[in-house]
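Report on the structure given below.
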There are 2 protein chains.
Amino acid sequence: MTRRSFLEGLGQIGGTSLLLAGMEAFGMGIASAQTAPPPLQGGGKGKKVIILGAGVAGLTSAYELGRAGYDVTVIEARSFAGGRSQTARKGFQLTELGGETQTCQFDDGYYINHGPWRIPFHHRSTLHYVKQFGIEVELFNNDNDNSYIYTTQGKGPLARKPLRKMEVAADARGNAAEILAKVTQSGALDKQFGADDKALFLEYLKTEGYLEGKDYAYRGTEGRGWISKPGAGLHPGVPSKPYAFTDVLDSGAWRVLASVSEWDQQRTMFQPKGGMYMIPTGFVTKGGVGDKIRFSTVVEKIRQNGRTVDVSVVDGTGQRSVVSGDYCICTIPLSVLKSIDNGLSAPKQTAMNGAAYAPVGKIGLQMKRRFWEENHWIYGGHIYTDDMDIVSVSLPSTGWLGPKGVLLGYYQFFANAAKVSALTHAQRTDFALSFGEKVFPEYRDSFETSFSVAWHRVKYNLGGWAMWSDESRARDYPVLLEPDDRIYLAGEHLSYIGGWQAGGIESAWMQIAALHKRASVA
Amino acid sequence: MTRRSFLEGLGQIGGTSLLLAGMEAFGMGIASAQTAPPPLQGGGKGKKVIILGAGVAGLTSAYELGRAGYDVTVIEARSFAGGRSQTARKGFQLTELGGETQTCQFDDGYYINHGPWRIPFHHRSTLHYVKQFGIEVELFNNDNDNSYIYTTQGKGPLARKPLRKMEVAADARGNAAEILAKVTQSGALDKQFGADDKALFLEYLKTEGYLEGKDYAYRGTEGRGWISKPGAGLHPGVPSKPYAFTDVLDSGAWRVLASVSEWDQQRTMFQPKGGMYMIPTGFVTKGGVGDKIRFSTVVEKIRQNGRTVDVSVVDGTGQRSVVSGDYCICTIPLSVLKSIDNGLSAPKQTAMNGAAYAPVGKIGLQMKRRFWEENHWIYGGHIYTDDMDIVSVSLPSTGWLGPKGVLLGYYQFFANAAKVSALTHAQRTDFALSFGEKVFPEYRDSFETSFSVAWHRVKYNLGGWAMWSDESRARDYPVLLEPDDRIYLAGEHLSYIGGWQAGGIESAWMQIAALHKRASVA
């Protein structure tokens, strides 16, 4: 029996937890490798490390290396830390390339996380620092069955109407379960199932689809909502009726359903109270990294000579200087790094071209009242649409029942993001309102002020995140994981958790471990 | 076309929102009747109303009638307001009938809501007061796909093992979708579907079940979890493999799955920060009802004479007195009221026997560390089991990533609750630990202190909530909705939202509206 087949057997018997226990028992340690920073004992103390970029990868590197006794300096082009982990709040400014400067006009206490905005339960690395720095988190509602689906491409009477997700889930699954139960009852699957399993399978379909009676009919369920909900006195409630299954199919609204959410999108998620910038703020204040950052300082040239790395920078006053160190961790996005005079070796230059950076657009809309809560009973979650210029409208998971709220008016990618980003900010706002008012009659009238971003037009990012094709992942990605003599690259782009803070943090953990190993020997 | 068929048509076309709009347009107002308190204009000012019980029904009555100018007095047997809306926290005391007195020993800041503990998004009435009194709420995680299912009655290799809900959901639905897709492909359903719908149906099954390829095979999905999750560097992740479908069926774990959750259990729920007692506290402090409550005062006799209602009470010092008023709202649970010398008419006496009260047990276990978060990555939600002496183990939706936590060790009903409640508190604790340690190896060692309740043994409740059979709902319930001359009954027992605070509130709204209508005429 191979180790692998043994482990697979464990998984079959006892699920993931037994499997992970088995892997730990074998010292495989895969589970734990990514949940805590690497131990950095001895050796490197006093060595100087220059860290380029104060996003979460840079902050992680600075914090952990600093704790291990390294002398770290962080060079950050912006006047604040966090990289893409930004929160647009009153006074926050953003200038897009070739675009206008926006100054966020949200009321005090309101914000939109226009970069990363949610932390899945399995992002152990991000949660490690949440705990480390005592950052207060709250649940992010990533899946709300009372939210709407609004299809624009569908056909039939249910297209272009706001449908509740619970209605669609109940009706699609209920009808499918009814059909399958009838097929099973007819004996057509008897070869497939033994008698015991057939009975269990029918029982499963009945439970799953709220099927009734001996004919296993789906006739609706209270879980899809009520025409009038049950109340006090003589108000038992008026049950809702299922939509015709053919109308549900034609609408396309079922496209949002899945047996279970994708791994990255599972529904137990967090967000820091007050905004995602609380994550970098944790590093800067509680973690003490703030003292080590040279803000508003732009990298112009990177060189190394086999003993030191020398980074030429220009600060906010226009003053030029050279920062030298024993090692460098460069967390600058590849989209930006490849345009800097970076002095990296030819294989690295080639490999950097293997990553494409995602055009991504978001807009926050401050609404003067929370009509989605008050009138539609939707508390957080997403309005789903197949209009790929919008993708989703997301309702805030904070400020419950309060006077105002900032919702996310769109979150589009790729060609759609490129298209929408060509609009002025005022046009983008109008575009977002034009969609939202199809779903919520109160949308446009409630609007007060907005803040938009097109990440591919943001100077020090030039894209939302790195994307690797299968080919470039195999050919270029491994090249960039290896140090270029004394320069180590890190960031979400060097992980399989692209576009998430966890990718940046875990990439930093990997590279500081490698750097430390070398520095300890040297 | 009847009004009803027109409305049904609206529902078919535009979903619940259009339907509700239509109902409002017709002045049917069903939707709004239950979302806000009734307007109480003019008329009754200065009239004296005695309210029996300071649970949420009594508090609602006192607050709204007080605002409308009535002179209200609330008689409450306990030394605090809230009725069943209690929160066990440091120093909280509870004595069960014939049982010991427990004094809660949880650390400061830790608690269990051993009465109502969650507020569904559609409990507009409860949320009305949350907003009115500025009570801070946070999401309650009622559905966590990363939590465990542990079956005790199932068979095969997956029974009596903690399985992740996401694994079971993916595998049950994935296999069912595969079977149905193959049946559909075979042409067996061609009579049922047109060619277009058949194609859409296959596409739906593919999406829903993560089916692959031309053979629509279910081979697992990342959403069911990873053997090793994706990380930085050369860690693309090790995908998990589906369980054998027959093992999933045999385990019985699929019993927790449903197309959509039941109406009362849908996943967007709230809880007040700090504990459910913040709801009554809102009425007492912000609502100003506190001044009107005579605490530790027990009702001994209720009489009326066509002009006044006279309630004989005994206070905490043993002093007896009679409180007289023009009207009375009696929110005492029927289980208790029927043993009081209540002077109600014979039909009411008979009708009161129509409600049975649910035996219900809960136990809070303070754990010295949050092993379910640290080791199992489960943040809130429920561990589901078919052991009906336990029903579920629920993990706290507050204090995320903190040092300790109080979890709910069981929540059983009816005969199971009666059985467990016969144990001493120490025995109940051991019983709860004996189950929990099957799921979590850390359970027993992490235990510090506990607090249990058996509601059927609590003096002023004698049960968790009222239960009506179809027969008694038709025969007895309407009798109790009608006033007994000047006495109006209210509480969750007089609603179709039994066992929820919303039932108590909406019942109070109904009865104060009726009382006011009469008082305005009189």
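By convention in this document, chain letters (A, B, ...) are assigned in the order of the sequence lines, proteins followed by strands, and residues within each chain are numbered from 1.
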Practice prompt. Please say whether more than 12 non-hydrogen atoms of neighbouring residues, nucleotides or ligands are located less than 6.0 Å from CD in B:Gln192.
Written response: yes
Which portion of [X] sits near chain A, non-hydrogen atoms under 4.5 angstrom:
{"X": "B:Asp250", "value": "both"}
{"X": "B:Lys198", "value": "neither"}
{"X": "B:Gln265", "value": "neither"}
{"X": "B:Glu222", "value": "both"}

Student check: side-chain heavy atoms of [X] and [Y] closer than 4.5 Å:
{"X": "B:Ile179", "Y": "A:Phe201", "answer": "yes"}
{"X": "A:Lys131", "Y": "B:Glu374", "answer": "yes"}
{"X": "A:Arg267", "Y": "B:Asp145", "answer": "yes"}
{"X": "A:Phe193", "Y": "B:Leu249", "answer": "yes"}
{"X": "B:Ile378", "Y": "A:Phe121", "answer": "no"}
{"X": "B:Glu506", "Y": "A:His235", "answer": "no"}
{"X": "B:Met166", "Y": "A:Trp263", "answer": "yes"}
{"X": "A:Tyr204", "Y": "B:Arg173", "answer": "yes"}

Can you tell me which of [options] forms the most heavy-atom pairs within a distance under 4.5 Å of chain A?
{"options": "B:Gly209, B:Gly381, B:Gly498, B:Ala258", "value": "B:Ala258"}
{"options": "B:Leu480, B:Asn375, B:Leu180", "value": "B:Leu180"}
{"options": "B:Asn141, B:Leu205, B:Thr398", "value": "B:Asn141"}
{"options": "B:Pro236, B:Ala172, B:Ser495", "value": "B:Pro236"}
{"options": "B:Ala169, B:Gly233, B:Ser507", "value": "B:Gly233"}

Most heavy-atom pairs under 4.5 angstrom with chain B, which of [options]?
{"options": "A:Lys165, A:Glu138, A:His122", "value": "A:His122"}
{"options": "A:Gly174, A:Ala176, A:Gly503", "value": "A:Ala176"}
{"options": "A:Arg160, A:Met510, A:Glu262", "value": "A:Glu262"}

When rounded to the nearest 0.5 angstrom, what distance separates [atom1] in [X] from [atom2] in [Y]?
{"X": "A:Leu234", "Y": "B:Tyr496", "atom1": "CG", "atom2": "OH", "result": "6.5 Å"}
{"X": "B:Trp377", "Y": "A:His123", "atom1": "CH2", "atom2": "NE2", "result": "9.5 Å"}
{"X": "A:Gln132", "Y": "B:Leu401", "atom1": "CD", "atom2": "CG", "result": "12.0 Å"}
{"X": "A:Lys229", "Y": "B:Asp264", "atom1": "NZ", "atom2": "CG", "result": "10.0 Å"}

Under 4.5 Å from a heavy atom of chain B, the part of [X] involved:
{"X": "A:Leu481", "answer": "side chain"}
{"X": "A:Val183", "answer": "side chain"}
{"X": "A:Lys182", "answer": "neither"}
{"X": "A:Asp143", "answer": "both"}
{"X": "A:Glu203", "answer": "both"}
{"X": "A:Tyr210", "answer": "side chain"}

Which heavy atom in [X] sits nearest to a heavy atom in [Y], and how many Å separate them?
{"X": "A:Ala170", "Y": "B:Val260", "answer": "CB-CG1, 3.8 Å"}
{"X": "A:Arg255", "Y": "B:Thr207", "answer": "O-CG2, 3.8 Å"}
{"X": "A:Ala232", "Y": "B:Tyr477", "answer": "C-OH, 4.2 Å"}

Discussion item. We want to know whether B:Asn146 and A:Thr268 form a side-chain donor-acceptor pair, criterion being a heavy-atom distance below 3.5 angstrom.
Written reply: no
Practice prompt. Please assess A:Leu127 against B:Trp400 for the test side chain to side chain contact (heavy atoms under 4.5 Å, CB included), listing each intermediate value before the final yes or no.
Written response: CA-CA 10 Å; A:Leu127 292 175; B:Trp400 305 117; over 6 Å; no
Practice prompt. Output, in order, the C-alpha distance, side-chain angles, deciding distance and verdict of side chain to side chain contact (heavy atoms under 4.5 Å, CB included) for B:Trp254 and A:Leu200.
Written response: CA-CA 10 Å; B:Trp254 46 265; A:Leu200 287 173; 3.9 Å; yes
